[in-house]
**Student:** 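Pasting a structure here, questions to come.
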Amino acid sequence: MATEKKRARHIAVISGKGGVGKSVITANLAAALSLFGRKILVVDADLGLANLDIILGIEPPHTIFDAIHRGLPVDEILFPTTKGFDLVPAGSSLPEGTLFTQGLASNVKALLASLEDRYDAIFFDVGAGIGDVVLFFASLAHEILLVVTPEPTSVMDAYATIKVLHHLHGRNEFLLVVNQANPDRSSQVGASIAGHLRNVISKYLESGDPIKIELVSSIPIDPMVPRAVKARRLLMETSPESPSAYLLNHLAGFLDTRIF
Amino acid sequence: MQDAGSNMQQTIAYALISAKISPELAIFCRISEGELTVPNTMSANNSENQKLNLNTALRILENAGRPDPRLASDDPDIQIQGVIDALCDLSIHDGLTGLVNATFFHAVLTREIERSLRTGRTCGLIVIDIDYFKSINDTYGHSTGDKVIQAVAAELKRSLRSMDTAARIGGEEFAVILPECAPEDAIHAATRIHSVLNPMTISVEENSLKLTTSAGLVWTNPNASSSSAELLSEADQEMYRAKRSGRGRLCYRYDDSTLISHQERSALMALPMEGSVDGH
């Protein structure tokens, strides 16, 4: 076991629509897995509009662009958080109008390859939309965690994300997290959204291989979440007893047994 | 002088874009000692701020025939605000038609391409070219040619949604940007505009002139970056295809493999929402 070379599992947290709680979920999962003893790296992959640093209440001196664009050594941009995991920050460093070129993409790949044997898992907190940066990180991921809320726009964007990833990258498996559901019946809401997505997918999307939508968590809307964000701390620190903190911890446990 | 003027127009246009097209351009421009300093934020190879002498600015505006009572004000603050407003207006509009000009068109299109990448929603781009324009010019003269261009521009203005942008991007070439427009909706819009313009009858003195236009329609790809010039060139290719296939036509290529159709949209919308939180 000790001699076996570690190769990190890559997990992309993706949503299509913005503001569905992706970064909060990523940060709490990473912190929980770190508590389980896993070595976790989080890459803020929302290049240009990153906000993990805000959620974590940190101000990292360097960003991923200092590495992939200016050639700074990777160890200088790695930011060890107080929550037990390391962060590759993005800042708001991608200047408006910058194209995500092949050159930049291969630099990101090289950067990740150099880090792979240090960690058990690398999370990509991917931005909104289904642009080229989002597709790039999704294409590197072993697992795709798709975050959706009960809002019709979020369901629509999640479907669009599945469609694009299926058509362009042949992805057939998605781990669905329903977030911000009605607290009284969050598990029913989760099941209903997952079922609905499966129906539309089987009607319009599946041509060959089946597309698997696995509902892995239904998290209720929780007033403690914005409070934690405001305090720039993690939910599991400010309200570890809250239902959503419990469910995030549970989801971390699921991932732990699923991917390692 | 002409060059300095058009350079300045470009600079102001860039400054406008970086100011998110805020009318409060003054925040971005430092004004002192009768000079206007415009930060050239969009230009990578020119980090120097550009300075424009007030007298030069006034001459540019006089040549462009943009009278504004504030330009003659005794109060330098009012005068300089008048200069800024008039230059902004001049820098983004085409004098003949009042549509936005090519520089500003590229700025808007660049922004919409970026929006499309973020939101995953497509933006449509129509390119329209007046058929046999050269022979209209040769037969009836340039002033008739100008009237034809103005008439097409007026029709375009009438048939757009408030969020759409129509531009004159070349002599007899126009472009329309349709932000956040699903492919089916863009086809619908382009077809409507095209049918209004084809054929179009314009009376010039005793003659009545019947003309047609060729049009090409393309979409942004929400999954890949491209520049405004690349997208425009794709639209041009569709427009040339329309020319080659007999003129007076609208051409586009519709590939729906990664786009969301109306049927899919309504199926998704049919999700029973009783499970969501009230008001959400």
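Quick note on labels: first sequence line is chain A, next is B, and so on, each numbered from 1.
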**Student:** Just verifying a value: how many Å separate B:Leu268 CG and A:Ile193 CD1, rounded to the nearest 0.5 Å?
**Tutor:** 11.5 Å
**Student:** Does any heavy atom of chain A fall under 4.5 Å from the side chain of B:Arg121, the backbone, both, or neither of them?
**Tutor:** side chain
**Student:** Under a 4.5 Å heavy-atom cut-off, does chain B meet the side chain of A:Asn199, its backbone, both or neither?
**Tutor:** neither
**Student:** I'd like to know whether NZ of B:Lys157 has more than 12 heavy-atom contacts from other residues, nucleotides or ligands below 6.0 angstrom.
**Tutor:** yes
**Student:** Can you confirm whether more than 12 heavy atoms, excluding those of B:His188, are under 6.0 Å from its NE2 atom?
**Tutor:** no
**Student:** Does A:His196 reach the main-chain N or O of B:Met269 with its side chain, forming a donor-acceptor pair under 3.5 Å?
**Tutor:** no
**Student:** The criterion is side-chain contact (heavy atoms from CB on, under 4.5 Å); which residues satisfy it with B:Ala215, sequence neighbours excluded?
**Tutor:** B:Ile126, B:Ile128, B:His194, B:Leu250
**Student:** Mind checking side-chain contact (heavy atoms from CB on, under 4.5 Å) for A:Lys212 and listing every partner two or more places apart, or none if nothing turns up?
**Tutor:** A:Glu173, A:Glu214
**Student:** Could you tell me whether A:Phe254 atom CZ has more than 12 heavy atoms of other residues or ligands within 6.0 Å of it?
**Tutor:** yes
**Student:** Will you find, in the side chains of B:Glu264 and A:Tyr159, an N or O donor that is under 3.5 Å from an N or O acceptor?
**Tutor:** yes
